Structure formats: C-alpha cells, structure tokens
Protein chains: 2
Amino acid sequence: MTTDDRRTDGGAEASGEEFEEYADLGATTENAMEIAETSMDRVRGLVPDETLADRIRQKSVHATGDPEFQHLVRFTGETADEPVVAGARAVLEERPIVTDITMVKAGITGRGHDCRVEKAIGNGGELARRTGMTRTAASVLNLDRRGVYDDAIAAVGNAPTAALALADCIEDGTRPAVVVATPVGFVKAAESRRRLRAVAERHGVPAITNVGRRGGSGLAAGLTNELVHVASDVRDGEVDLP
Amino acid sequence: MTTDDRRTDGGAEASGEEFEEYADLGATTENAMEIAETSMDRVRGLVPDETLADRIRQKSVHATGDPEFQHLVRFTGETADEPVVAGARAVLEERPIVTDITMVKAGITGRGHDCRVEKAIGNGGELARRTGMTRTAASVLNLDRRGVYDDAIAAVGNAPTAALALADCIEDGTRPAVVVATPVGFVKAAESRRRLRAVAERHGVPAITNVGRRGGSGLAAGLTNELVHVASDVRDGEVDLP
C-alpha cells in the first residue's frame, strides 16, 4: 500500500468496533484480556484443573497449542506440585530468573514479579573459544562461578548444552530454587533433560522438564511465566502454598 | 555450589576434551558446528531434500523437534518454492525483517544477512488504548502506515491478531516480499493463518504458514533464519534462484 492511502482513512480507527477481532493473548487491553481468558478456558476443558502441577500442564498445552503435551511434562520433587511451589516461592522472594538465551528472556513477562531477568548467553565467549564448548554452556559455567544460579529460577529453553552444563553445576553443589528445562531438538535435547532430571532428583533440586524431542524457548518462557502467575495468585490470596 | 569450590578447579577447563558434550546447535565453536550438522543430517533423514520448499519443511522439523510438522507447513505462491525464493531474494536485497514480538526478533540470526531487524510490538500503545485492539495488532497497523511492511520480510510468530492485522494491510494494498506466519494457540491462531493464506493468495503475496493450532515464535524465527540460510547459499554459489 502507499503511505498516503493509509493516512487518509486514519479516522476510521477511532471507532474500535471494527478492531474487535484483533483482541488476543498476553495484552493489556480489554478485549485482549477477555480473549486470553477464552483461550485458557478452552485449555481447562482439555487438561485437569486440580493441582498446581495441573497449571503447568495447562500452560504447556497453551504454549504449544497441543493437548497431548500435558502428558509430556515431568515434575522432579517429592510431589508433582513441589517444583511449582518452589518456583512460586522464588518469584515471591524476588530471586533472579536466569535464562539460557535471549529469546527465552524476551518471552518472560514483565508483569507480576520483581525478579531480575538475566540471560546466560554472552558470558562465555572466551571460555568457548578456549575449550571448543558452546557459548551457551560456557556462559552457564561462567555465571555459575559467580553464584548466579544459587536460589535462582533457571530456565533453559533452547540449548541442550546449557541443560548439561547446569546439571554439572548442580552436581558440583549449585542449588537453583527451581529448574525449568525444555530444550528442543534431535541432538541431545531429550538426553540433556533426562540427565538434568536424574541430577536434580539426586540433589533435591525441584525441576520442571519434558520428555521427547519437542520443547523450545516459547515453552520454557510460558512455564516460567506460569510460576509468576501462581505467585501472583498467592499474593492475591487466591492460592495458598503448602 | 560455593564460588570458591568452582574457582579452584578452573584449571581443568583449559583441556576442552571434557567439554565435548557441551557442543551443540547454533553456535560458532568447532564442536558446535559439527553437532549442528549432525542434527540437520538426522532431519534430512526424515524429510525430503529435493526442493527449496523442502528446506523450509526440514527447518520446521528441526525447530519443533517433530517429524510430523513437515506435513503442516503451507506455501502460498505459484509454486511451493516461490515464497522461499522471494524470501531469499529479499534477504539478498537487504530488506528489513519485521517481527511481531520481541521474542521472534531475538530468535533471528545475526549472521548471514545485513537486513535491519525490527519488531512491531511497542509501536501501538496509544492506538490500542483508544480502540481496545491488542497492542501487537495496533503496532502492525502503525508500522504499516509508515510503509514498513512493503517489500519487507514479515514474520509473525506469536500473535494471531498481528497476522489478522497484516492480512488487512495486504488487502489495503501493502505488499510484503514474503510473509512467514506461525502464531500458536487455541483462539484465532489457525483462523488467522487461514485468512492470511487466502488474502496472500488473492493479492499475490508469497507466504509460508502452517495449519493447525501449533506454531510459535521459535518456529517463525527458525523458518525466517532458513530464508537467510538459503540466501547465504545463493551468495556462496551453492544454490541458484530461478
């Protein structure tokens, strides 16, 4: 279109009614919130709505658009709720949210928490060059050396090597408040999550992960945002943590 | 772990061998590139490798971790290759890549192109408040008014309303070089892509989309990055565009 065409019908915008179909998820406008509710209502029709863990299962379906994904989520802890409780508490205590890559950081909501949001990538260039390991793994190791992961909400959405590095850090004594790890892909993704689950289990670190090759940054951000959402509900007196 | 524990074994890093398992996708280090190749080799074992459209199908499988996704991708154009050719040409001509949200922008590779990467979100606050439409849709309409979408690579990964707004812009005369649209979810996501396909078809705008409720920011970024990759191969003489 030409810029001029558009400018001449700018007056039509003021009505608002014609824009109803533009309302959707994650926004702050009235229509947006209404439709976000519709979307979660549909998900609640597909996933149980009894426990805190169910909220994470629901969010996994919401984030992936796939009802089957609820069966792929795994909870490491004494109970399935434990990592959700640990995550919500960490949000309430304003612990940092540390993501593997920029994309996951970009997906973390800005509302409902006062946690610092930090990404690992970009902190390991020199170590990566020296050792041949990936920049993301090197970044995780470097951040860990500065104590960043202790008591943090550690979210890994993309890099299997970040999940493997985080597992090593936990073996070496690091204790994140909770780990959310959903790296995706055909090489090491499922294996990295399996290793993370085993290490987290052994060292008592609550974790939310998935099985299979699927996953990704959007899922990791969505699940982490659900921890923020649970924390908001605790703050509003709608949810009690055990 | 304590910071001190870690510092004392810092010397071990210099070897590199023990870090081999940290090598993976999307990185610049030697091991990383080797494993990225392994990953795409596995995908090529699952998806045909004949046409330019196949490269997008492969990337969809790579990005979602799901071999079935190859069957969900749709190509709008005279041929299935047309939107890939149009996208690669647009990259070679250094057209802007315009994403709906920050997360998609964060997923666009920094290598292999000199395109400006811009996000729509953040450009529509006032219009959204005035009309009740989502901020993303309002941002698309505002950017379009400035002519940003003409000849651009338009990538929509998250917001169905952004896809709907973009469809309206195309109906009103805007001509992106190519559209990549994969919004995810239970409300309007599939419908927004269906509408976009119909409008793109009618107005001769090449488009890459998918069917069903799945999709997301990671997929949109991955498919857009594959257009960059095809352009790189053209530049290197490995691929000829028709």
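Because the structure is predicted, anything quoted here is derived from the model rather than measured. Within every chain, numbering begins at 1; the chains are lettered A, B, ... in the order of the sequence lines, protein sequences first and strands thereafter.
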Quick one: what part of I170(B) sits under 4.5 Å from any heavy atom of chain A, side chain, backbone, both or neither? neither

Check: D100(A) side chain, G157(A) main-chain N or O, donor-acceptor pair, under 3.5 Å: yes

Atom group of A163(B) that falls short of 4.5 Å from chain A, counting heavy atoms: neither

Against chain B, label A221(A) side chain, backbone, both or neither, depending on which of its atoms sit under 4.5 Å from a heavy atom there. side chain

Just by distance, no angles: are the side chains of R197(A) and T209(A) close enough, under 3.5 Å, to form a donor-acceptor pair? yes

Would you mind checking which part of T64(B) comes under 4.5 Å of any heavy atom in chain A, side chain (CB onward), backbone (N, CA, C, O), both or neither? backbone

Does D151(A) reach the main-chain N or O of A177(A) with its side chain, forming a donor-acceptor pair under 3.5 Å? no

R193(A) side chain vs P183(A) backbone, donor-acceptor pair below 3.5 Å: yes

Of the backbone (N, CA, C, O) and the side chain (C-beta and beyond), which part of L46(A) lies under 4.5 Å from a heavy atom of chain B, both, or neither? side chain

Report yes or no: does N225(A) contribute a side-chain atom to a donor-acceptor pair with the main-chain N or O of T109(A) at less than 3.5 Å? yes

For D49(B) and R44(B), indicate whether the former's side chain and the latter's backbone hold a donor-acceptor pair under 3.5 Å. no

Contacting moiety of V140(B), where chain A heavy atoms sit under 4.5 Å: neither

Examine whether an atom of R42(B) lies under 4.5 Å from a heavy atom of chain A, and if so say whether it belongs to the side chain, the backbone or both; otherwise answer neither. side chain

What residue, out of I101(B), V61(B), V104(B), has the most heavy-atom pairs lying under 4.5 Å from chain A? V61(B)

